[in-house]
Number of protein chains: 2
Amino acid sequence: MKYKILEKPNCEEAYDLVKEGLCKKAMITLFSCCKIIYEGRALSQLDFGERLIIIKPDGSFLVHQEKKVEPVNWQPPKSRTKVNVHDNELFLESYRRTPKERLEVEVKKTLFASYSVAKDYAEIELAGYEKDMGDMIMKKPYLIEEGFKPTAREYSTEHGFIDILGKDYDGNLMVLELKARKAGTNAVKQIKRYLSDFENPENDYLKDLGAEKQKIRGLLVAPSINEDAKELSEKEGIEFVSVTPPKELKNDKKVTLDIFK
Amino acid sequence: MKYKILEKPNCEEAYDLVKEGLCKKAMITLFSCCKIIYEGRALSQLDFGERLIIIKPDGSFLVHQEKKVEPVNWQPPKSRTKVNVHDNELFLESYRRTPKERLEVEVKKTLFASYSVAKDYAEIELAGYEKDMGDMIMKKPYLIEEGFKPTAREYSTEHGFIDILGKDYDGNLMVLELKARKAGTNAVKQIKRYLSDFENPENDYLKDLGAEKQKIRGLLVAPSINEDAKELSEKEGIEFVSVTPPKELKNDKKVTLDIFK
DNA sequence: CGTTGGATCTCGGAA
DNA sequence: TTCCGAGGTCCAACG
């Protein structure tokens, strides 16, 4: 059977349903009054209350309260779920190693329980974040300014990776820090740190980049910038360029291309 | 009615159930073949497949595939859910402002649908992270070393907040950076940044702290440290002290106290 | 494996 | 409201 639903199952019925669901690699849901203990990276306990329990075929284990996007307790994929009955109560246990973590759910009463084998072969297509922004700037450098030429991406320095490195029309070195969302003071400080790498005479970045006697410009590239960051960037001589990450799905492109065939 | 479950509801039945669930501020779950579009901070699309849809009474909207802990699509609390029927298909829409975001779910076929009004008054108690560690060190400074005296917490500097500031037995200034998990190189760099604030003669932190001619010690406090970070800390003269965040629940204490009454 | 860094991060607290 | 940092962050990419 592809799925099963039980209304107010008793302890044994719920046990059988979960067992069957696990065996069939199904999505299992229980709406139950339960008490939860977690032990692992941290430690938590949650007294009895009605919650939605989800066990996924990949081993993920979620307990959702009626508020918030995030589960109140969970276990990551590849965790192992065990089911037991003690004293006419259902116990669900999920554990994993590295790190060692254990979740124990004591189920007092279940309003309904279900399992269902999901057919889902689609993958989400997502666009509109830092990576897309970088791709776009590499392809359309004029979005930064006329004459800008990117020379490197993910350029490694002592203080981390510079998102994009390039040169302006006059050959000056340009250090670009990208943010897909509103930029804060941290982004400005990050650029300052990169620039300090170049200022340090011990480093021979400049020679490597053939920009020994050139000016070095630090640019913050983001859709917008907050007031503090704006102030700081002006004070520190960091330029701000407003660029919004492209929101374009591959499928959209395909569709467009198909239309033009 | 406190809850309702429908097996293979048709479009109108599912519509009525969702409407009723929203009205009653219930947790709503649907296991449906659906297609999803999201527009907002980013942009996404997900073709038809069977997924678990959850609508919470706080306005949160989740769509879970059979893998991962995180939902494939979601809307945060306080979003508004709208339900519609078009051409014998159910449409769920969740939207919010600031930022403007919209999630649209086209439901082709529903295996089962439910709503239930949850009674859950319990709140999770969680222990074992940075805050607990800070509390513990302020209370038991000898865990750092004999003679250590914390003088400030969340001490503000140009480069951010120092977790704990204090003095050693000889009156030297101590800068403590806490990490509840294994510390990496970033933690060491963070301390270096704080120390550079003190070295900068423009700042008068030293005078404020009455430690003008004292040594300044940087300490990384964490349960453990990775190899890279260990190397860097030794090179930079940052000391490492192993402290594990306490895993103690308030309730445990209460229980203990109750027992002793 | 462990490490690194982004995320529609989420969530909570403070200004 | 915005901002900022912690998180059992999760997650994917990379060494």
Side-chain angles (χ1 to χ4, degrees), chain A residues 36-44 58 60-63 67-79 94 96-103 124 126-134 154 156 160-161 163 178-187 190 224-229 245 247, chain B residues 36-44 58 60-63 67-79 94 96-103 124 126-134 154 156 160-161 163 178-186 189-190 224-229 245 247:
Chain A
I36 303 165
I37 290 169
Y38 158 78
E39 269 179 310
R41 283 171 289 181
L43 181 67
S44 81
D58 73 344
S60 311
F61 192 116
L62 318 178
V63 182
K67 291 179 180 177
K68 297 180 196 168
V69 168
E70 308 219 317
V72 65
N73 278 116
W74 72 95
Q75 286 284 82
K78 291 177 189 166
S79 303
S94 176
R96 72 146 164 174
R97 291 167 188 175
T98 64
K100 201 178 165 190
E101 288 185 301
R102 207 178 73 90
L103 191 64
I124 193 165
L126 185 56
Y129 43 154
E130 201 177 296
K131 191 187 168 303
D132 298 288
M133 217 168 135
E154 305 289 306
S156 177
F161 289 87
D163 290 329
L178 311 186
K179 288 287 162 203
R181 321 283 163 220
K182 195 182 220 180
T185 51
N186 279 347
Q190 187 65 44
S224 63
I225 184 170
N226 79 34
E227 204 46 51
D228 286 354
K247 290 183 181 176
Chain B
I36 303 166
I37 290 168
Y38 159 76
E39 269 179 310
R41 283 169 291 178
L43 181 66
S44 81
D58 72 344
S60 310
F61 192 115
L62 318 178
V63 182
K67 289 179 183 177
K68 296 180 198 170
V69 169
E70 308 221 317
V72 64
N73 278 115
W74 73 94
Q75 286 282 84
K78 290 179 191 165
S79 304
S94 176
R96 72 148 166 172
R97 293 168 186 174
T98 61
K100 201 178 166 190
E101 289 185 299
R102 208 178 72 91
L103 191 63
I124 193 164
L126 185 56
Y129 46 141
E130 203 176 296
K131 193 187 167 301
D132 297 287
M133 217 167 137
E154 304 288 305
S156 178
F161 288 86
D163 289 330
L178 311 187
K179 289 289 162 202
R181 320 282 164 220
K182 195 182 219 180
T185 52
N186 279 346
K189 289 177 190 166
Q190 187 66 43
S224 63
I225 183 170
N226 78 34
E227 205 45 53
D228 286 354
K247 290 184 180 176

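Both backbone and side-chain heavy atoms feed into the values below; hydrogens, waters and symmetry mates do not. Convention: sequence-line order gives letters A, B, ...; per-chain numbering from 1.
Straight-line distance between the C1' atoms of D:dG7 and D:dC11: roughly 14 Å, to the nearest whole Å. Rounded to whole Å, the separation between the P atoms of C:dT4 and C:dT8 comes to 22 Å. Between the P atoms of D:dC4 and D:dG8, the separation comes to 22 Å (whole Å).
Taking 3.5 Å as the limit, the base of D:dG8 and the side chain of A:Gln75 contain a donor-acceptor pair of atoms between them. The base of C:dG2 is not paired with the side chain of B:Asn226 by any donor and acceptor separated by under 3.5 Å. Side-chain atoms of B:Asn73 and base atoms of C:dT8 include a donor and an acceptor less than 3.5 Å apart.
Dashed line: the shortest gap from a side-chain N or O of B:Lys179 to OP1 or OP2 of D:dA6 is not under 4.0 Å. Contact annotation: B:Trp74 reaches the phosphate of C:dT10 (side-chain N/O to OP1 or OP2, under 4.0 Å). For the OP1/OP2 pair of C:dG12 and a distance below 4.0 Å, the side-chain nitrogens and oxygens of A:Lys68 include at least one atom meeting the criterion. Between C:dC9 and A:Arg181, a contact under 4.0 Å exists linking OP1 or OP2 to a side-chain N or O. Contact check, B:Thr185 against C:dT4: a side-chain N or O comes under 4.0 Å of OP1 or OP2. Note on A:Arg41: a side-chain N or O is less than 4.0 Å away from OP1 or OP2 of D:dC10.
Note that the CG atom of B:Asn73 and the CD1 atom of A:Ile124 stand 4.0 Å from one another [nearest 0.5 Å]. Atom CG of residue B:Asp163 and atom CD of residue B:Glu130 lie 5.0 Å apart, to the nearest 0.5 angstrom. Atom NZ of A:Lys67 is separated from atom NZ of B:Lys78 by 10.0 Å, given to the nearest 0.5 angstrom. Going from atom CG of B:Leu43 over to atom OH of B:Tyr38 covers 8.5 Å, rounded to the nearest 0.5 Å.
Spacing between atom CG of A:Asp228 and atom P of C:dA15 amounts to 14 Å, rounded to whole angstrom units. Summarising the geometry, the separation between CG on B:Asp163 and C1' on D:dG5 is reported as 10 Å, rounded to the nearest angstrom. Look at CG on A:Asn186: it is 8 Å from C1' on D:dC4, rounded to the nearest Å. A straight line from OH of B:Tyr129 to C1' of D:dA6 spans 9 Å, rounded to a whole angstrom. Atom CD1 in B:Ile225 sits about 17 Å away from atom P in C:dG2, given to the nearest Å. For B:Lys247 and D:dG7, the NZ to C1' distance is 14 Å, given to the nearest whole Å. The distance between atom NZ of A:Lys182 and atom C1' of D:dT1, rounded to the nearest whole Å, is 10 Å. The CD-C1' distance, from B:Glu101 to C:dT10, rounds to 12 Å in whole Å.
Considering every non-hydrogen atom in both B:Pro245 and B:Ala180, the closest pair reads CG-O, 3.6 Å.
Partner of A:Ser79 under the side-chain contact (heavy atoms from CB on, under 4.5 Å) criterion, chosen from A:Glu101, A:Arg102, A:Arg96, A:Arg97: A:Arg96.
Between B:Tyr38 and B:Pro77, the residue anchored closer to the 5' end of DNA chain C is B:Tyr38, taking for each the nucleotide with the nearest heavy atom. If A:Val72 and B:Phe161 are placed on DNA chain D by their nearest nucleotide, the residue sitting closer to the 5' end is B:Phe161. Mapping B:Gly160 and A:Ala42 onto DNA chain D via the closest heavy atom, the residue that lands nearer the 5' end is B:Gly160.
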